[in-house]
*Asks:* 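Let me give you the structure first, and then I'll get to my questions.
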Amino acid sequence: MKITLNRINDDFLFECTNSQGNSILLDNTTQPGAKGVSPMESVLMAVAGCSGIDVVSILKKQRQEITDFKAEVEGERIPVDDAKPFKSIKVKFLLEGNMDPKKALKAAQLSFEKYCSVSKTLEPKVEIGYEVFVNGEIVQP
């Protein structure tokens, strides 16, 4: 796996491109007029995308009908020397459709405990939690 990063303006705007030519823009979002996401926001996006792929894949294999899928991700940061890494990340899955809520919860559990490489990479230092809502109702374990 390899990406390339190219600076595309005189400030902090970078284009990151993968081997298939797909790209995202990264920028210093503390500056006015930022055109991309911050690197730390991209980490939250990666958690959402990785776990989202897992959850959808698992539910599709179980023939569950997903009519809408969203995730909201929040990260809490703490100062460590001059950096501010994540202390914790919380993912909220919002699913709509004709599905067994317990299967949706189990899919999220499997993602974070077994499959999501992004959260597994962060997990030794970052506490990652999640909630699952199906058709507007929270799914309790």
Side-chain angles (χ1 to χ4, degrees), residues 1-62 64-141:
M1 179 180 301
K2 180 180 176 181
I3 65 106
T4 58
L5 179 140
N6 291 303
R7 185 174 178 210
I8 59 175
N9 71 3
D10 290 337
D11 286 318
F12 308 104
L13 185 61
F14 298 96
E15 180 179 40
C16 296
T17 307
N18 69 4
S19 58
Q20 287 98 16
N22 301 309
S23 63
I24 64 168
L25 296 177
L26 297 178
D27 206 345
N28 180 349
T29 58
T30 64
Q31 302 295 310
K35 303 272 191 249
V37 298
S38 77
M40 292 301 280
E41 289 170 332
S42 75
V43 171
L44 296 180
M45 290 176 177
V47 170
C50 184
S51 59
I53 288 169
D54 291 340
V55 170
V56 169
S57 175
I58 292 165
L59 291 175
K60 284 181 88 161
K61 286 177 186 170
Q62 296 174 339
Q64 300 297 296
E65 180 189 331
I66 306 166
T67 57
D68 193 36
F69 181 96
K70 291 182 177 74
E72 297 174 357
V73 185
E74 292 186 39
E76 179 186 353
R77 297 171 70 180
I78 56 168
V80 175
D81 299 323
D82 291 332
K84 289 194 331 196
F86 287 115
K87 173 186 176 187
S88 64
I89 294 174
K90 179 127 185 208
V91 182
K92 180 193 259 187
F93 293 110
L94 306 161
L95 293 92
E96 299 285 333
N98 185 15
M99 72 189 78
D100 180 339
K102 295 293 184 194
K103 287 185 179 184
L105 183 63
K106 182 66 174 177
Q109 177 188 1
L110 284 170
S111 175
F112 289 110
E113 291 180 5
K114 189 172 182 181
Y115 298 118
C116 180
S117 299
V118 175
S119 65
K120 288 292 187 189
T121 299
L122 299 171
E123 160 179 288
K125 297 273 186 177
V126 181
E127 177 188 323
I128 299 177
Y130 60 90
E131 293 179 311
V132 177
F133 291 77
V134 175
N135 298 321
E137 299 290 325
I138 191 165
V139 183
Q140 301 292 339

*Asks:* Is there a side-chain contact between Thr17 and Asn22 in this structure, where contact means two heavy atoms from C-beta onward sitting under 4.5 Å apart?
*Replies:*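 When only atoms from C-beta onward are counted, Asn22 and Thr17 do not touch, as no gap falls below 4.5 Å.
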
*Asks:* Can you see which heavy atom on Ser88 is nearest to which on Val126, and at what distance?
*Replies:*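 Heavy-atom minimum between the residues: CA-CG1, 3.8 Å.
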
*Asks:* Is any side-chain heavy atom of Thr29 closer than 4.5 Å to a side-chain heavy atom of Glu41?
*Replies:*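 Side chain of Thr29 against side chain of Glu41, heavy atoms only: contact under 4.5 Å found.
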
*Asks:* Could you check whether the rings of Tyr130 and Phe112 sit parallel, tilted or perpendicular, using 30° and 60° as the cut-offs?
*Replies:*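 Aromatic pair Tyr130/Phe112 classed parallel.
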
*Asks:* Is the side chain of Arg77 donor-acceptor paired with the backbone N or O of Pro85 at a distance under 3.5 Å, no angle test?
*Replies:*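 Looks like no, no N/O pair under 3.5 Å.
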
*Asks:* Any chance you could lay out the side-chain contact (heavy atoms from CB on, under 4.5 Å) test for Phe86 and Leu44, step after step, and finish with the verdict?
*Replies:* CA-CA 10 Å; Phe86 287 115; Leu44 296 180; 3.6 Å; yes

*Asks:* Side-chain contact test, heavy atoms from C-beta onward, threshold under 4.5 Å: evaluate it for Asp27 versus Val37 and give yes or no.
*Replies:*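 No - every pair of side-chain heavy atoms lies 4.5 Å or more apart.
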
*Asks:* What's the spacing between Lys106 NZ and Ile58 CD1 if we round to 0.5 Å?
*Replies:*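 If we round to the nearest 0.5 Å, Lys106:NZ and Ile58:CD1 are 9.5 Å apart.
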
*Asks:* Around Lys84, counting heavy atoms of other residues, nucleotides and ligands shown, do more than 12 lie under 6.0 Å from its NZ?
*Replies:*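 No.
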
*Asks:* Could you check whether any side-chain heavy atom of Ile66 comes within less than 4.5 Å of a side-chain heavy atom of Asp68, counting everything from C-beta outward?
*Replies:*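 No; the side chains remain at least 4.5 Å from each other.
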
*Asks:* Measure the spacing between CD of Gln62 and CE of Met99 and express it to the nearest 0.5 Å.
*Replies:*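 Rounded to the nearest 0.5 Å, the CD-CE separation comes to 10.5 Å.
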
*Asks:* How close do Ile128 and Ser119 get, counting heavy atoms only, and between which atoms?
*Replies:*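 Heavy atoms of Ile128 and Ser119 come nearest at CD1-CB, 3.4 Å.
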
*Asks:* Give me the atom names and distance for the closest heavy-atom approach of Leu5 to Cys16.
*Replies:*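 Closest approach of Leu5 to Cys16: CD1-SG, 3.6 Å.
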
*Asks:* So, the side chain of Gln109 versus the backbone of Ala107: is there a donor-acceptor pair under 3.5 Å, distance only?
*Replies:*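 Answer holds: no.
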
*Asks:* For Ser23 and Glu15, does a side-chain donor sit closer than 3.5 Å to a side-chain acceptor?
*Replies:*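 A donor-acceptor contact under 3.5 Å links the two side chains.
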
*Asks:* Specify the closest pair of heavy atoms between Phe93 and Ser51, including all atoms of both residues, with the distance to one decimal.
*Replies:*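 Shortest heavy-atom contact: CZ-OG, 3.4 Å.
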
*Asks:* Rounded to the nearest 0.5 Å, how far does NZ of Lys114 lie from CG of Asp54?
*Replies:*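 That separation rounds to 11.0 Å.
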
*Asks:* What verdict does the side-chain contact (heavy atoms from CB on, under 4.5 Å) test give for Val56 and Phe69, after you've listed the backbone C-alpha separation in whole Å, the side-chain angles of each residue and the deciding distance to 0.1 Å?
*Replies:* CA-CA 8 Å; Val56 169; Phe69 181 96; 3.9 Å; yes

*Asks:* If you count the non-hydrogen atoms of other residues, nucleotides and ligands that lie under 6.0 Å from CD in Glu127, is the total more than 12?
*Replies:*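 Check fails, neighbour count at 12 or below.
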
*Asks:* Could you go through the side-chain contact (heavy atoms from CB on, under 4.5 Å) check for Val43 and Leu122 one step at a time?
*Replies:* CA-CA 10 Å; Val43 171; Leu122 299 171; 3.9 Å; yes

*Asks:* Side-chain contact, heavy-atom cut-off 4.5 Å: Leu105 with Pro141?
*Replies:*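 Result yes, sub-4.5 Å side-chain heavy-atom pair found.
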
*Asks:* Evaluate whether atom NZ of Lys70 has more than 12 neighbouring non-hydrogen atoms of other residues, nucleotides or ligands under 6.0 angstrom away.
*Replies:*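 No, because the 6.0 Å sphere around NZ of Lys70 holds 12 heavy atoms or fewer from other groups.
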
*Asks:* For the pair Leu13 and Arg7, evaluate side-chain contact (heavy atoms from CB on, under 4.5 Å) and give the outcome as yes or no after the intermediate values.
*Replies:* CA-CA 6 Å; Leu13 185 61; Arg7 185 174 178 210; over 6 Å; no

*Asks:* Which distance, rounded to the nearest 0.5 Å, do you find between the SG of Cys116 and the CG of Leu110?
*Replies:*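 Separation between the atoms: 12.0 Å.
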
*Asks:* Are the side chains of Glu123 and Thr121 in contact, using a 4.5 Å heavy-atom criterion?
*Replies:*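 SC-SC contact between Thr121 and Glu123 ruled out.
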
*Asks:* Is there a donor-acceptor pair under 3.5 Å between the side chain of Asn9 and the backbone N or O of Asp11?
*Replies:*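 Side chain of Asn9 to backbone of Asp11: a pair is present.
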
*Asks:* With side chains defined as the heavy atoms from C-beta onward, is the minimum distance between Phe14 and Leu25 less than 4.5 Å?
*Replies:*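 No, side chains not in contact.
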
*Asks:* Between Lys90 and Glu131, does any side-chain N to carboxylate O distance fall below 4.0 Å?
*Replies:*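 Judged by the 4.0 Å cut-off on N to carboxylate O distance, Lys90 and Glu131 do form a salt bridge.
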
*Asks:* Which heavy-atom pair separates Pro39 from Ser42 by the least distance, and what is that distance?
*Replies:*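 Minimum heavy-atom contact is O-OG, 2.5 Å.
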
*Asks:* Strictly distance-based, threshold 3.5 Å: is any side-chain N or O of Thr67 a donor or acceptor partner for the main-chain N or O of Glu96?
*Replies:*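 It does hold such a pair.
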
*Asks:* Less than 4.5 Å apart, side chain to side chain, heavy atoms only: is that true for Leu95 and Asn135?
*Replies:*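 No, every pair of side-chain atoms sits at 4.5 Å or beyond.
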
*Asks:* What are the two closest non-hydrogen atoms of Ala108 and Val132, and how far apart are they?
*Replies:*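 The answer is CB-CG2, 3.6 Å.
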
